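Step one of this worksheet: look at the structure below.
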Amino acid sequence: MYEQASHAMLNDILREIKPEIGDFRLRHFYTRLGANFYSIHSLFRLLYGDRLDFKAQMVSLVETLALRYMERVPDLRKSDLARERDYNWFLSQKWVGMALYCDRFAGDLKGLRAKLPYLQDLGINMVHIMPILDCPPDHADGGYAVRDYFKVDARYGTTEDVEALGMTLKKRDMLLVLDVVVNHTSNEHEWAQRAQRGEKKYQDYYYVFDDRDMPDTFEETMPEVFPDTAPGNFTWDEAMGKWVMTVFNHYQWDLNYRNPAVLVEMIDIILFWANKGADVLRLDAVAFLWKKIGSTCQNEREAHLLLQLMKDCCQVTAPGVLFIAEAIVAPSEVGKYFGEDAINAKECEIAYNATFMSLLWDGVATKNAVLLNQGIRHLPVKLDRATWLNYVRCHDDIGLGFDDKDVRLAGYDPVQHRHFLLDYFTGKFPGSVARGLPFGENPKTGDARISGSLASLAGLETALASKDPAPIDAAIKTIVMLHSLILSLGGIPLFYYGDAIGTLNNLEYLKDPSKRDDNRWVNRSYFDWSKAELRHQSGTLEQRIFNELKKMITLRKELNAFADFDNRQLLAVDNPHLLVFLRTDMHNVRDRVLVVSNFNTDAQRLPLGTLRPYGLFQKNAMRELCSGACYTVENEAVMIPALACCWLID
Ligand code: GLC
Ligand code: GLC
C-alpha cells in the first residue's frame with residue numbers, strides 16, 4: 001500500500017542512517033523494507049507516536065534491521081528466499097518436534113550433536129533447545145532469567161557451537177528452535193544493574209516506582225503467576241531504593257515496552273539469534289508484554305501490536321524465521337497471537353495449543369471425551385499460514401485453563417471439576433493412578449496447577465510399583481494414545497525429551513536449594529541413556545513406547561491429510577468416551593484419515609449412524625494404519641479398544 005506519510009519518512013530515514021549501510025548490497029533488504037514499512041511505521045506510531053524521540057527511535061530501528069541484515073550469512077539468505085517462495089513450508093506434516101535441555105539431554109551443545117541419531121531414530125526433525133543463555137546460576141528459572149542475551153552459558157558451550165549445531169541440523173533437514181525471553185531480564189542483566197546504580201536511562205527499561213502507590217494500584221487487578229513462591233508482582237530493590245515490577249520471580253524484572261528503546265533492543269536480540277541459524281524463535285511469556293493499570297496486564301492490545309512489529313521487522317531482515325507464541329492463555333485469547341484482524345498470520349505463525357493439552361489431561365482423568373469434544377469445538381479458528389504446536393507435556397506445569405462455559409456445557413461445575421482434576425492428578429482421588437504434584441497453589445483464589453512427568457501422570461509410576469502387567473499396559477497405552485492425538489490433530493507435534501521412553505518423576509531437584517521450591521523440576525530430569533538403550537530390547541516398556549511412537553511418526557510424515565490446512569472435521573458420535581475427527585488431504589479429498597480415540601479403560605462402541613453420511617465404512621471395514629488391523633462393522637457399530645487412538649483409512 002502506498003501511504004504518503006510513511007513513504008516520506010522512509011526517504012528521510014534512508015538519508016539519515018549510517019553511511020556504511022548505504023554501501024552494502026541490500027537489494028532484498030530494501031525490497032522487504034519497502035513492502036513492510038507502511039505497517040512498521042503505522043504500528044510504531046500507534047505505540048510511540050507522541051514521543052519526542054519518535055523519529056530518532058525509528059531511525060535506530062531501521063539501522064538495527066539493516067545492520068543485522070548485512071551480517072546475515074549467504075546460506076541463511078538463500079534459505080529466506082526459498083521459504084518466501086514456498087511460504088507454507090511449515091504447515092507440512094513432515095515436521096515433528098522435541099523440546100529438550102541440552103545439558104540434561106546431552107551434557108552440552110557439542111554433546112547434543114552427538115546425540116542427534118537418537119532424535120533421528122525416533123523421527124524428530126525440529127529441536128527446541130531450552131534456553132541456553134547466560135543466567136545467574138542460582139536465580140535462573142531454568143534459563144528464563146537472562147543476564148546476557150548475547151552470551152551462551154559457558155556450561156553449554158559458545159555461540160559458535162550454536163552456529164555449528166545449526167549447520168549440522170540444516171544438513172540433516174532438521175530445524176533449530178531457540179528461545180528469546182522477551183518479557184523480562186534477570187536482575188543481574190547489565191540494564192538492571194545500571195538501573196540499580198541510578199542511571200535513569202536504564203530505570204526506564206523497567207517498571208520502576210518510588211513508592212507503593214502505583215504498585216498497589218496495579219496489584220488490584222493483576223493475578224499472580226507464582227503465588228506461593230513469588231507472591232505479588234513487585235519487588236523492593238534495596239540498591240535502587242525503588243519498587244520494580246517482577247511478575248514472575250523476584251529476580252525477573254519485567255521490561256517496559258512503553259519505552260521504544262526496549263523494543264529496538266529486543267528486535268536486535270531476535271535478529272542476532274536468527275542470524276546464528278535459528279529457524280524458529282520461541283517468544284516467551286508474550287501475553288505479559290504490556291502492562292496497564294486496571295487490567296490483568298495480560299493479552300493487552302499493545303502486546304499484539306508489539307508482536308506484529310517484531311514479526312514485520314523480522315520479515316525485513318530474516319524472513320525465513322518463524323515465531324512461536326508461548327501464550328498460555330484462555331482459548332478465546334490464544335488465537336489472537338496469530339495476528340488480529342489479519343488473514344495471514346502476522347504475529348506468530350505458531351502458538352502453543354495449551355487448551356488442547358489440558359483437555360487431553362481432562363480426558364485421561366475422566367476417562368471420557370466430553371469436555372475434550374466441547375473444548376475442541378471452541379478452539380479459535382486459525383488464520384491461514386498459522387499452526388498449532390500440539391503437546392502433551394512440557395517443562396512447565398499443567399494449568400487447567402479451559403473455558404468455564406465449556407466445562408458447564410460438558411455438565412460439570414467449573415470449581416468442583418477443577419478440584420476433581422487436581423485431586424486426580426495428585427493421586428488423592430480414590431482409585432487415581434496419577435502421581436503429580438500441586439503447583440502454584442493460591443489460597444486466595446483456590447487455584448492450583450499440576451507438575452509431573454507424562455508417564456507418572458499417566459499412571460506408569462503407580463503401575464510399576466504394583467508390578468501388575470495390566471495397569472502397566474494401561475499406562476503405556478495412555479502415553480501412546482496421547483501422542484497419537486498430538487500427531488494427528490493438525491499442527492506441529494512437540495514431544496518432550498524423556499517421554500518416548502516413559503521417564504518418571506524425578507525427585508533429584510529436592511537436593512538443590514535453588515530448585516527445591518519449584519516442583520516443575522520433577523519433570524526436568526537428566527535423560528537416562530541406559531534407560532534409552534532399553535528401547536532396543538524387545539518387551540521392555542521403553543521399547544513398547546518408543547517403537548509405537550516411532551511408527552506413528554513415520555506414518556504421519558507420509559499422510560498428506562495430516563498437513564495443517566484447516567482440514568479437520570470434528571464428528572459428533574453417540575458415545576461420550578470417544579473423540580472422532582476426520583482429516584482430509586486438501587489436494588486429494590479422497591485421501592482421508594478417520595481418527596478415533598477412546599479414553600475409556602473398556603472397549604467402546606463407535607456407532608456409525610452419524611458417520612455414514614460422510615461415506616465412511618462404505619465397505620463395512622476400515623484399516624487401522626499403525627497396527628494394520630482391520631476394523632469391521634457389526635450391528636452398525638465398530639468396537640474401539642480401550643485407551644486406543646486409531647487412524648482408520650478405507
Ligand atoms: C515461560 C517459561 C517458564 C518460565 C516463565 C517465566 O512461561 O516456559 O518456564 O518460568 O516463562 O520466564
Ligand atoms: C503461567 C504463564 C506461563 C508460564 C507458566 C509457568 O502459566 O502464563 O507463561 O509458562 O506460568 O509456570
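What you see is a predicted model, and the numbers here were worked out from it, not measured in a lab. Quick note: numbers below take in every heavy atom, side chains included, and nothing from hydrogens, waters or symmetry partners. Start at 1 and go down the list; that is how both ligands and their atoms are numbered.
- The H184 neighbourhood of ligand 1 comprises atoms 6 (C), 12 (O), with distances under 4.0 Å to a heavy atom of that residue.
- Residue-level proximity to ligand 1 for M130 is absent, since no heavy atom of it falls below 4.0 angstrom.
- The backbone N or O of R520 sits less than 3.5 Å from a side-chain atom of D518, completing a donor-acceptor pair.
- In the vicinity of R520, heavy-atom distances shorter than 4.0 Å reach the ligand 1 atoms 3 (C), 4 (C), 9 (O), 10 (O).
- Near F248, meaning under 4.0 Å from any of its heavy atoms, are these atoms of ligand 1: 5 (C), 6 (C).
- Listed by atom number, the atoms of ligand 1 under 4.0 Å from D141 heavy atoms are 4 (C), 5 (C), 6 (C), 10 (O), 12 (O).
- Cation-pi check for R212 over W243 is met; the charged atom lies under 6.0 angstrom from the ring centroid and within 45 degrees of its normal.
- Within the listing of ligand 1, atoms 2 (C), 3 (C), 7 (O), 8 (O), 9 (O) sit less than 4.0 angstrom from a heavy atom of D396.
- One finds no salt bridge joining E190 and R147 here, because no Lys/Arg side-chain nitrogen approaches an Asp/Glu carboxylate oxygen to under 4.0 Å.
- In this structure, D284 is part of the shell of residues with a heavy atom less than 4.0 angstrom from ligand 1.
- With a 4.0 Å heavy-atom cut-off, ligand 1 is reached by the side chain of F226 but not by its N, CA, C or O.
- Judged by the 6.0 Å distance and 45° axis criteria, K115 is positioned over the aromatic ring of W529.
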May I have the list of side-chain donor-acceptor pairs in residues 103-113 shorter than 3.5 Å, sequence neighbours left out?
from: R104; atom 1: NH1; to: R524; atom 2: O; distance (Å): 2.6
from: D108; atom 1: OD1; to: K110; atom 2: N; distance (Å): 3.3
from: D108; atom 1: OD1; to: G111; atom 2: N; distance (Å): 2.7
from: K110; atom 1: NZ; to: D161; atom 2: OD1; distance (Å): 3.2
from: R113; atom 1: NH1; to: T168; atom 2: OG1; distance (Å): 3.2

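- Checked against the 6.0 Å centroid criterion, the rings of H395 and Y496 do not qualify as a close aromatic pair.
- Judged by the 6.0 Å distance and 45° axis criteria, K336 is not positioned over the aromatic ring of F338.
- Counting atoms of ligand 1 from 1 in the listed order, those under 4.0 Å from a heavy atom of E326 are 1 (C), 7 (O), 8 (O).
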